[in-house]
Structures are given as structure tokens and as C-alpha cells.
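So that the names make sense, note that chain A is the first sequence line, chain B the second, and so on, each numbered from 1. Computed from heavy atoms alone, side chains included, the values below leave out hydrogens, waters and symmetry copies. Nothing here was measured: the structure is a model prediction, and the numbers come from that model.
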Amino acid sequence: MAKELKELTSRSENYSQWYQDLVIKADLAENSAVRGCMVIKPYGYAIWEKMQRQLDDMFKETGHVNAYFPLFIPKSFLSKEAAHVEGFAKECAVVTHYRLKNDPNGGGVIVDPDAKLEEELIVRPTSETIIWNTYKNWIQSYRDLPILCNQWANVVRWEMRTRLFLRTAEFLWQEGHTAHATSGEAEAEARQMLEVYATFVEEFMALPVHKGVKSASERFAGAVDTYTIEAMMQDGKALQSGTSHFLGQNFAKAFDVTFTSKEGKQEHVWATSWGVSTRLIGALIMAHSDDNGLVLPPKLAPYQVVIVPIYRNDEQLAQINEKVAGIVKNLKSLGVSVKYDNSDNKKPGWKFAEYELKGVPVRLAMGGRDLESNTIEVARRDTLTKETRSCDDIEQYIKDLLDEIQQNIYQKAFDFREKTTQVVDSYADFKVKIEDGGFILAHWDGTAETEELIKDETKATIRCIPLEGDKTPGVCMVTGKPSTQRVLFARAY
RNA sequence: CGGGGUGUAGCACAGUCCGGUUAGUGUGCCUGGUUUGGGACCAGGAGGUCGGGAGUUCGAAUCUCUCCACCCCGACCA
């Protein structure tokens, strides 16, 4: 079994340190020379690429197309939607000049004071404003609708405190921005994309989520309704993993985007926006990994299988190379991504530890003994178990095993979530149970005051008002006033 | 932005309180050899603006001021 990894803090010892260590040791990302901004390293970026490819396919399947809008937003645009500016103003990077010059006092380069911009540019924290300013010109008639655009981009939010993947000043994401003729159609779009996100996170990230709607105070700045998927991390804190907003006519009104309806009337356009970010990588890490390192679900692992040869001399290596080549070929033809690591500058033991740390779902090892007996050693990352099997039909076995691992990782996360979800009826009980971590289902009177009180006293927030599950009415655990259904509480990232 | 901590070789750290030879240790790296079924061993070698700047001093990794970065706990947030 794996030796205790040097320098990887255990989860029980210090969960955030474990997370931090893991991101670095598994070579996913590192802090950069720029405050709050990370360098995503090749292995981490490979995971993002897998996520992107899958999500992009799902967006295309639901009728969306990709486009690209500017990084910079004129300052005046941001202030057109009152709630929006209120929500983002405090965390915007601002471009004020367009030129540098040599310091006449010899101190390198300085900002040229003569190159001040007439109007400052905001580095986008999100693109609703620049996009709706653009859509204004694209939309005249109901025939121009719907517009179903997505963009893959980077955005900047000047956060006070950052953590690799979970919260960085710059992050990568996709943002969908759609325009519709009717409220119902926009609402359906927002709900559809929430489903797309939930499907992606559950099926590919192997992470169960609660779908729901945000309370007013947790709503996106400028939205009428914010839909969310909420996942549970191993330390008992919830992570908002994707959001889809029904924006009503707020942005259409702010940017004066109207169309002529079939009936010949001028109407404001209805909108949605929806996004997921590199934060998902943080969720992936925190949900499944263990004290030995990453555990990646096969569907998102940069490579699903790694093969390590064990040999005493060049002749034996040549024999193993030949034997493994056939297996690699067959695995690839079954659609399995595989890396054969026969590099001579690392020892097998080192490779075992390394790929375990990097979360490769299946590791195969072939040595002299296996050559003799036509066998191969199969090691699972999720259970850390090993078995020796015949090479006959090993490829199909591996393919099936990958499905099983995907399922097992999901099941483990699901069981954990269920185990850590509690139903609570009294506020006194809530205050006790919230200390256990996990989700709490409780009745709430629907007011911001009660929500605020709970947050102040317990640090727990309403993650969402679930769309599915028990809808039985009751009474608020704090005020005793009527409640239409239980809502989902947790402490959150 | 408030409180706390850290910054010395690629990485992890000691040395700082109490200023004084040539700044150490582990690991990693390079060379040679032996090894290879869970992070190998021996021998030799290279590698440092002690986070940046200013100051005190005959002398600063060490004292003072200042700036910067990172981590932890808060407030804010995807």
C-alpha cells in the first residue's frame, strides 16, 4: 500500500492545508507573481480542457453557439444596471492609462500621465453589460430571437482573499448570454442550463448536486432569479458549483434592447446568463481526493490508465515494450486514454507514488513475472486495491473497470452527502447540528431578516430552495411563521 | 481591509531573540557506478542579490523603518 506521502498534509490534520498542498504537489496549479492570480499548470489545464470539451458539446447540443466579447468594458456600461454595479463595483480592476514611458528620473518605466483614458475601462468581472450593449444592435424583430451565445473567457474579480481554483482574482469560465422574446422562454432556458450543469457535474465530475433557486440576498446582481447547483465537500462545507440566472428584462431595460413582436408591439427582450468556472476543478479535488493525493473520475482524468514497466535490463524492457504496445493499441481503440511510462529516469516505485498523487484512475504494471505468466497487475486509485490478472481480454476489463470506478466515486460522494445531511426542526437543534458540517434541511419564513440572523449567529447560509424533494409546508424554525417548504442550509465556500 | 504567521539554494527548513570567520542541514539537481514488483544506494560535484528598498553600525540574514508576496482566521465573493 502507498507509503505516507511526504509533505502532503492529511485532511483530518488541516483540511485547507491538505487542499493547498494537493494542488501544488499534484502539479495542477501554483501561485504566480501576480497577486491573487494563479498559473494553471499543464496537468491542471488538461482537466479544464476535458471539462470544456464536454460542456461545450452539451451547449452545442442544446442549440448554443460560441462567440467572443471584449475583455474591457467602458465604465459607464457597468453603472447602467443599478443592482449589477452595486454587486460588482467593489471588486473591479480598472484601466486608466494606455501608455508607459521611461522614467525621466531613471526608475525604469512609469505610467505616462499624458496617456490618461477619456473613460476608464473595467476589466470584465462578467460580461452582461458589454454583451447587452452589443445585443441592442443585433435585435430589432422577434425574428432575431432567440440569441443563444456562449463565450469561453477569463474574468477578473479583485477578491480580498484568494485560494487556488476556488477563488482567484482572475479565473477562466464560460458565460452563456441568451435573449428571448418571452419571459417563459427565458425562464425555461435558465432552467435548461441548470439541468445541463447538474448533468455534467453528476455524470462527469461524479459529484451529486442539489438543484435549487437562490434566496433574494444570494441572488446574482441584476437577476430576477438565480438557479444554482450546490455540492458538498469532504469537510462539510458546501460549494456553489454553477449558476444560471433568469435576468427578466433588467438588462434589456438598462441597455434599451427592444424588439417588435409578431403583433407589432415594441417590447423589451428577456434574458438569461449562466456560467461555470475553473472553480469546478476545486470542487473536483475537494470532493473525491484523499490523503494519498488526487482521485480523478475517469471521465475527466487527463489519462485514464497509466502503464508502468518493471524491468532488470534493456532486453527485458524491450520485451515488455512489445507486449504493452498491443495493450495500448487495444485500449485506445476502445476509447480509453492511456499513458505508457517507460521513461528510464524514474524507478517504478517512484512512478507508482507519482501517479497515485496525480489521481490516475487505473495503473497497470508489467514486469518479468508477468511476462512469464501472461499477466498484468491492475491497481485502482479509488479503492487503492491491486490484483493480478491475465492479459487475455484485459482491455475490455479495464474499460468496464473505468465505468465501475466512475460509478463508485459518485456513490461514495453521494453516500457522504446523504450521511451528512440532517433534517432539523428547531433553531436550537440547528445551532448544534450545523457544527457537524453538511447540509441541513429546515423551514424558513422566507424573509431576509431571518436569513441574516441565521447567518450572523451560525455562519450558515441558505444554499438554495430545492427544486426537487419534499415540498411539505411547515413553520419557520426561528420565527414560527409559515414556511412553504424546507430549504437547504450549510456553511459554504 | 482587520487580526495572526511566514519569506534564507529548485523544494522543505535551521541560524535572527543576544550583529562578528568562508551562511548550514535534508531533499532535489549534475557526473560515475551498483540497482529497478511502492518514492533505491555509494562516491564525487554544482547551486545563495538571506523577499525588495532605505537606515543604524567598523561590520547586518540578524537591529530600525518601509514596501511586496504568500499562508491561516474574519468581512466580501463564483
Worksheet item: Counting only non-hydrogen atoms, which of residues 222-247 of chain A are less than 4.0 Å from RNA chain B?
Response: A:Q240

Practice prompt. Report which part of the nucleic acid A:F220 touches: base, sugar-phosphate, or nothing (heavy-atom distance under 4.0 Å, all strands).
Written response: nothing

Worksheet entry | For B:A40, the Watson-Crick or wobble partner whose two distances fall under 3.5 Å | B:U34

Fill in: A:Q174 side chain vs A:V276 backbone, donor-acceptor pair below 3.5 Å
yes

Item to complete: Provide the Watson-Crick or G-U wobble partner of B:C70, both distances under 3.5 Å; none if there is no partner.
Response: B:G5

Practice prompt. Check side-chain contact (heavy atoms from CB on, under 4.5 Å) between A:D314 and all other residues, then give those that pass, not counting sequence neighbours.
Written response: none

Worksheet item: Does anything in residues 208-239 of chain A pair up under ring-ring contact (aromatic ring centres under 6.0 Å, His included), and if so which pairs, sequence neighbours excluded?
Response: A:H84-A:F220, A:F88-A:F220, A:H210-A:F439, A:F220-A:H245

Discussion item. Under the salt bridge (Lys or Arg N to Asp or Glu O under 4.0 Å) definition, can you give me all pairs with a residue in residues 195-207 of chain A, not counting sequence neighbours?
Written reply: A:E195-A:K211

Item to complete: Identify, residue by residue, the members of residues 305-317 of chain A with a heavy atom below 4.0 Å from RNA chain B, and return them in order of residue number, or none.
Response: A:I310, A:Y311, A:R312

Practice prompt. With a 3.5 angstrom cut-off on both distances, give the Watson-Crick or G-U wobble partner of B:U27, or none if there isn't one.
Written response: B:G10

Worksheet entry | Within residues 86-95 of chain A or reaching into it, pairs that qualify as side-chain hydrogen bond (donor to acceptor under 3.5 Å, both in side chains) - sequence neighbours excluded | none

Practice prompt. Can you check each nucleotide of nucleotides 67-75 of chain B against protein heavy atoms at under 4.0 Å and return B for base, S for sugar-phosphate only, - for none, in 5' to 3' order?
Written response: --SSSSBBB

Discussion item. My understanding is that a pair needs two contacts under 3.5 Å, Watson-Crick or G-U wobble. By that rule, which nucleotide pairs with B:C50?
Written reply: none

Worksheet item: Does B:U22 pair with anything, Watson-Crick or G-U wobble, both distances under 3.5 Å, and if so, with which nucleotide?
Response: none

Discussion item. Would A:K346 pass as a cation-pi partner of A:W350, given that its NZ or CZ must be under 6.0 Å from the six-membered ring centre and within 45 degrees of the axis?
Written reply: yes

Fill in: Check ion pair A:K237-A:D235 (N to O, under 4.0 angstrom)
no

Using a cut-off of under 3.5 Å, enumerate the N/O to N/O pairs linking the protein to nucleotides 42-44 of chain B.
none

Contacts under 3.5 angstrom, residues 39-49 of chain A side chains, donor-acceptor by atom type, not counting sequence neighbours:
from, atom 1, to, atom 2, distance (Å)
A:K41, NZ, A:D27, OD1, 2.8
A:Y43, OH, A:K358, O, 2.7

Worksheet item: Which of these nucleotides, B:C77, B:G38, B:G37, is closest to any side-chain atom of A:E159?
Response: B:C77

Item to complete: Answer yes or no: is there an ion pair linking A:R389 with A:E377, defined by an N-O contact shorter than 4.0 Å?
Response: no

Discussion item. Do A:R124 and A:F72 form a cation-pi contact, if we require the NZ or CZ to be under 6.0 Å from the six-membered ring centre and within 45 degrees of the ring's axis?
Written reply: no

Fill in: With sequence neighbours excluded, residues passing side-chain contact (heavy atoms from CB on, under 4.5 Å) with A:D370
A:M366, A:T375, A:T388

Response to the item:
Result for 5'-nearest mapping on RNA chain B, choosing between A:W350 and A:S217, is A:W350

Worksheet item: Toward the 5' end of RNA chain B, which comes first, A:A492 or A:M366, by nearest nucleotide?
Response: A:M366

Worksheet, complete the sentence: Scanning all shown strands, the Watson-Crick or wobble mate of B:A61 with both distances under 3.5 Å is none

Acceptor/donor pairs from residues 163-171 of chain A side chains to any protein atom, 3.5 angstrom cut, sequence neighbours excluded:
from, atom 1, to, atom 2, distance (Å)
A:T168, OG1, A:E170, O, 2.7
A:E170, OE2, A:N154, ND2, 2.8

Worksheet item: A:S12: what forms a side-chain contact (heavy atoms from CB on, under 4.5 Å) with it, not counting sequence neighbours?
Response: A:S10

Worksheet item: Under 4.0 Å: is that the gap between some side-chain N or O of A:K347 and OP1 or OP2 of B:G39?
Response: no

Discussion item. Using a 4.0 Å heavy-atom cut-off, does A:G368 contact any base of the nucleic acid, only the sugar-phosphate backbone, or nothing at all?
Written reply: base

Discussion item. Between A:D56 and A:K60, does any side-chain N to carboxylate O distance fall below 4.0 Å?
Written reply: yes

